[in-house]
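So the structure is just underneath, and the comments pick up after that.
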Amino acid sequence: EKTTAKALEAARLKSEFLANMSHEIRTPMNGVLGMIELLSRTPLDEKQRRFLSTLQTSAGGLMSVLNDILDFSKIEAGKMELREENCRVRALVDEVTELFAARAELRGVEIVAKVENDVPSQVEADTERVRQVLSNLVGNAVKFTESGRITVRASVEEYKGQVFQLRFEVIDTGIGIDPALQGKLFEAFSQVDGSLTRKHGGTGLGLAICKQLVVLMKGRMGVTSEPGRGSNFWFVLPLRRLESTGSLELPSTLSERPLAAPPSSKDGASRRILVAEDNPINQEVVREVLSELGYEAYIVDNGVQALSALEQEAYPLVLMDCQMPELDGYGAAREIRRREDGARHIPLIAVTAHAFEGERQKALSAGMDDYVTKPISGAVLAEVIQRWWPKSLSREPESGERLASIRVPSAAPVEQPAQALDPNVRRSDAVAKIFLKHVPDQVISIG
Ligand code: ADP
């Protein structure tokens, strides 16, 4: 009994350590990635742009290694919990395929999505996790295919009433894998060819994470492959079919979701979002991202200030960092709900550096409505704001106004009214100064 207690305590400490590491590393990384994105929208000469692009690739790479390690440890620690939600299979397959289309095309490889007709449109699954596995397999297929075609396929393997076996396959015409090595592929840190890895990067954790996730979803995963001819990575999930909810249903993919619609009203108050965030770099990142989405941020440093701001003005929505001095996001949310007393309900969106399911629960039970993790992306923020923006303030999105257009941060300057350009550049200068002032301290505090 003593040993079990000790083991449980060790596991708890491990996940606590992970939660802290995740917070500590993601916060400055959020700053780094945010700054790179902002910097890429300022006027730069060709050489600077090249440097910035390398910086972007390296920072992105670091973040994805970090995410891999975190995911892996999270699953190991039994901390990965699955959501049961409405997942739209066809949209998901299309979206993942689309995401890799440019990269595949660049290499002269064709990529196609093929969802068979008998695949139900909506199933109960953790969309994010299915997307993660599928993206990983498609990413690998693109990495290891020099010519030919990649097919991303979804089909039904077996039907039994409401439950059926949904099969996903990623079929490539790439280099293939030696049969002797195929068994080891799903083990952690295994890479078939060291020299190829140096060329392509990666931690050797991708497939191990995929396999663990699929097992967690009670599914199976495997590969058939022939060297020189290509590979077929597949996974099968037992899923429940959901009935369509018709017009009430929210679109579940970003590509189909219109840009969060800021109200057209000239009334300043109605498009102002209250942001409670103590970190000056994150404050600037959120301010910029919101401004690009057509909102204005009113920023306060902690929960106490958020409460008094809400006494002054009726904001349509609040973005609330969870970890703040004086009064943290959870405490502030609880107090806001207490004061509302059921009379009205202001949408509260928690922003946290923790990617743990427990954090989500904690935020929701404190009275938050939804939850986003750092680093904040414009696409995710737009989606969550649109979901919670008070209906009375929305306007119909104009045609051509699609979220897809801001999904991929590009080096190209964003479309903005000419008069906004100058202040923007100045602001970015200020942001860079804040960044240089604070990041070294944050990096040191990690070490
Ligand atoms: P990493 O995160 O390093 O890419 P993975 O676990 O995803 O690690 O993949 C492990 C190894 O399996 C890769 O380094 C590669 O050698 C091999 N591999 C994965 N997918 C493919 C594929 N579609 N074609 C050929 N080899 C592959």
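Remember, it's a predicted structure, so these values are computed and weren't measured experimentally. Counting starts at 1 for both ligands and their atoms, in listed order.
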- Item | Ligand-side contact atoms (ligand 1) for residue partner Leu185, heavy atom cut-off under 4.0 Å | 12 (O), 17 (C)
- Going by distance alone, is a donor N or O of one side chain under 3.5 Å from an acceptor N or O of the other, for Glu169 and Thr151? no
- Message: Against ligand 1, does Phe233 come closer than 4.0 Å with any heavy atom?
- Response: yes
- Item | Candidate with minimal heavy-atom separation from atom 2 (O) of ligand 1, of Cys210, Gly206, Ser231 | Gly206
- Query: Does ligand 1 have a heavy atom under 4.0 Å from the side chain of Leu207, from its backbone, from both, or from neither?
  - Reply: both
- Message: My understanding is that only residues two or more places apart in sequence, or in another chain, count here; which of them pass ring pair (Phe, Tyr, Trp, His ring centres under 6.0 Å) with Phe100?
- Response: none
- Asn282 side chain to Asn30 side chain, donor-acceptor N/O pair below 3.5 angstrom: yes
- Which bit of Val170 is near ligand 1, meaning a heavy atom under 4.0 Å away: side chain, backbone, both or neither? neither
- Message: Holding to ring pair (Phe, Tyr, Trp, His ring centres under 6.0 Å), I want the full list of residues that pass it with Phe233, two or more places apart in sequence or in another chain.
- Response: none
- Task: Establish, from distance only, whether the side-chain atoms of Asp71 and Gln132 form a donor-acceptor pair under 3.5 Å.
- Result: yes
- Note on the structure: Atoms of ligand 1 under 4.0 Å from any heavy atom of Lys143, numbered from 1 in the order shown, are 4 (O)
